[in-house]
S.K.: 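One structure follows; several queries about it will come next.
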There are 2 protein chains.
Amino acid sequence: MNAPRLDGQVPAHEAVYRALRAQILEGGLAPGASLTLRGVAEGLGVSMTPAREAVRRLVAERALAMTDTGRVQVPLPDAGALDELFRARSLLEPELAVRALPGVDKPLISALRVIDDRLEERLEAGDAAGYVRANNAFHSLLYARANAPALMALVESVWLQTSPVMRRVYGRIGTGSLIDYHEAALEALAARDADRLAAAIRSDVEQGAALVREGAA
Amino acid sequence: MNAPRLDGQVPAHEAVYRALRAQILEGGLAPGASLTLRGVAEGLGVSMTPAREAVRRLVAERALAMTDTGRVQVPLPDAGALDELFRARSLLEPELAVRALPGVDKPLISALRVIDDRLEERLEAGDAAGYVRANNAFHSLLYARANAPALMALVESVWLQTSPVMRRVYGRIGTGSLIDYHEAALEALAARDADRLAAAIRSDVEQGAALVREGAA
DNA sequence: CGGCGCATTTTGTGATCACAAATTCCCGGC
DNA sequence: GCCGGGAATTTGTGATCACAAAATGCGCCG
């Protein structure tokens, strides 16, 4: 009835955290949906204690919200909150991209291209969840090269907050005519041009912001 | 044996969180110091459960760090991490200041002046903890006018990470010749000049960064 | 037929306990 | 004198339980 630090095993609270986090990022949880600690615990076969810890961790990261009576739900950011979040992304992500630039090599660019192809494929297939997932993977993989864990943590908190609505927006909008700023970013990476890279990432983020703005419910 | 939601009372885990957070922000906990759940719990007269939740919440905010064996300690950011954190501040804080600008009125400017006076007084008195506290109060009060909780949460996470070292640095350095960018910010506020305000805040943050860089142990 | 009040159920909170891994401490051997 | 190893202690983890507040549902009265 215990699992402290078995070999490569992760603690139960960590497993619960990862499961919930993935569901939020990949759109498994709709904005506004509510969770119960007992529900989470039973759903993952653990007791309430680790479930509580995982939920609280996500609340601290603002990926989940708590009412003043302790009820937990997936937050539904209003227009103002979304504006803040996309502004944060457009300020922080170019910095991460530029910091990644020195560590970028050809294999990475190839890997990014593969992801970008999958992304466009999902887009045309109208697979909103797959699109969001691929988009996350693209930015994630690039920024990982920046070796900037503190900045990365900030950006990931923002992603957790925007992902649920993104999925909803992409699901609703036909994802019609999107300018491919990822392609521009890849070119800037190949050319090792920091300014163009920063501009491409900023444009990419701001395009997402515009999309969310017009797709507001 | 219980205290769920008594009148204006806060839950135990919230009380523990606030107590620890204040200690971190105001320098009561030295970088590298280690905590035990039982120690925290007994120190505040609660059981381990709420102590664990509070600690985990602070870990999620990166105000505390956990080793891979679950030991908790106040993080000691290295030069690279500090660079990231101050960069984040210099990107995010001007945005918050500018967003606050429309809501700024004369009473607020007066209140900020009072804080700034106390700040300089602490500086001359060599009271590092008081200085850090006043500095936090100044930025906090201004940004509160921005009504931007999502951005604010990001910045507060960064403050939690830098505060312990700031205190150390100001304690060591004589806090000799510091340019008063707060005064410049106050003038920009009075003139409702967004550009000058942003520049002043950015300079203020970057001065702090430079100070920390040269004061690195 | 629509709100209102009370009983029932659901749900978060906090304490306590057992357990195992990690850490600490101390002693004996080299 | 210093290092290594094993016992004792410390410490995090997770399960379970009691409790109270909040949410829910239902029936009664208007």
Side-chain angles (χ1 to χ4, degrees), chain A residues 1-21 23-24 29-30 32-76, chain B residues 1-21 23-24 29-30 32-76:
Chain A
M1 302 311 121
N2 213 337
R5 188 68 14 82
L6 208 59
D7 279 86
Q9 216 71 319
V10 300
H13 63 84
E14 180 75 24
V16 175
Y17 170 77
R18 291 186 193 176
L20 287 178
R21 183 182 210 274
Q23 276 197 3
I24 293 168
L29 290 175
S34 60
L35 308 182
T36 66
L37 297 183
R38 284 173 177 85
V40 171
E42 284 167 27
L44 286 138
V46 297
S47 82
M48 275 180 67
T49 311
R52 244 199 301 187
E53 295 194 35
V55 165
R56 283 225 122 81
R57 185 170 165 192
L58 288 160
V59 169
E61 291 172 343
R62 304 186 127 243
L64 293 175
M66 256 176 114
T67 70
D68 52 358
T69 66
R71 252 70 185 189
V72 183
Q73 51 186 60
V74 182
L76 182 57
Chain B
M1 305 307 128
N2 213 337
R5 187 70 13 83
L6 208 59
D7 280 85
Q9 216 71 317
V10 300
H13 63 85
E14 179 76 23
V16 175
Y17 169 77
R18 292 186 193 175
L20 287 177
R21 184 181 209 275
Q23 277 197 5
I24 294 168
L29 291 174
S34 60
L35 308 183
T36 66
L37 297 183
R38 284 173 177 86
V40 171
E42 284 167 27
L44 286 135
V46 297
S47 83
M48 276 180 65
T49 311
R52 243 200 301 188
E53 294 194 35
V55 166
R56 282 226 123 79
R57 184 169 164 192
L58 288 160
V59 169
E61 290 172 345
R62 303 186 127 242
L64 293 175
M66 257 177 115
T67 70
D68 53 357
T69 66
R71 252 69 185 190
V72 183
Q73 49 186 61
V74 183
L76 182 59

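Here is how names work: the chains are called A, B, and so on, in the same order as the sequence lines, proteins then strands, and each is numbered from 1.
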S.K.: Test of understanding: with salt bridge (Lys or Arg N to Asp or Glu O under 4.0 Å), list the residues that count as partners of A/Arg21, not counting sequence neighbours.
M.R.: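 With sequence neighbours excluded, A/Arg21 shows a salt bridge (Lys or Arg N to Asp or Glu O under 4.0 Å) to A/Glu156, given in chain and number order.
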S.K.: Could you give the distance from OH (B/Tyr17) to CD (B/Glu61), rounded to the nearest 0.5 Å?
M.R.: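 Rounded to the nearest 0.5 Å, the OH-CD separation comes out at 3.5 Å.
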S.K.: Please list, pair by pair, any protein nitrogen or oxygen found under 3.5 Å from a nitrogen or oxygen in nucleotides 23-25 of chain C.
M.R.:
from: C/dT23; atom 1: OP1; to: B/Thr69; atom 2: OG1; distance (Å): 3.3

S.K.: Establish whether the base of D/dG12 is bridged to the side chain of B/Arg56 by a donor-acceptor pair shorter than 3.5 Å.
M.R.: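 Such a pair does not exist between side chain and base.
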S.K.: Over how many whole Å does the gap from B/Met48 atom CE to D/dG14 atom C1' extend?
M.R.: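 Result: 10 Å.
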S.K.: With salt bridge (charged side-chain N to carboxylate O under 4.0 Å, His left out) as the rule and sequence neighbours excluded, what pairs involving residues 41-52 of chain A come up?
M.R.: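 Sorted result for residues 41-52 of chain A: A/Arg52-B/Glu53.
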S.K.: Residues two or more places apart in sequence or in another chain: which of them pass side-chain contact (heavy atoms from CB on, under 4.5 Å) with B/Ser34?
M.R.: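 side-chain contact (heavy atoms from CB on, under 4.5 Å) list for B/Ser34, sorted by chain: B/Gln73.
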S.K.: With the threshold set at under 4.0 Å for non-hydrogen atoms, list the residues of residues 37-46 of chain B touching DNA chain D in residue-number order.
M.R.: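 Hits under 4.0 Å, by residue number: B/Leu37, B/Arg38.
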S.K.: First locate atom CE of A/Met48, then atom OG1 of B/Thr49, and finally report the distance between them rounded to the nearest 0.5 Å.
M.R.: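 That separation rounds to 10.5 Å.
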S.K.: Can you check the B/Glu53 CD to C/dT13 C1' distance for me, whole Å?
M.R.: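 The answer, rounded to whole Å, is 8 Å.
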S.K.: Checking contacts here: which listed nucleotide (D/dT13, C/dG12, D/dG14) is nearest the side-chain heavy atoms of B/Met66?
M.R.: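 Given the options D/dT13, C/dG12, D/dG14, the side chain of B/Met66 is closest to D/dT13.
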S.K.: B/Thr49 near the nucleic acid: base, sugar-phosphate alone, or nothing, with a heavy-atom cut-off under 4.0 Å?
M.R.: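 The residue B/Thr49 makes base contact.
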S.K.: Heavy atoms from C-beta onward define the side chain here; which of D/dG14, D/dG12, C/dA15 lies closest to that of B/Thr36?
M.R.: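 Side chain of B/Thr36 sits closest to D/dG12.
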S.K.: Taking salt bridge (Lys or Arg N to Asp or Glu O under 4.0 Å) as the test, write out the residues that go with A/Arg71, two or more places apart.
M.R.: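 Scan of A/Arg71 (salt bridge (Lys or Arg N to Asp or Glu O under 4.0 Å), adjacent residues dropped) gives none.
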S.K.: Whether the side chain of A/Arg52 and the base of C/dG14 hold a donor-acceptor pair under 3.5 Å is what I'd like checked.
M.R.: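 Yes, a donor-acceptor pair under 3.5 Å.
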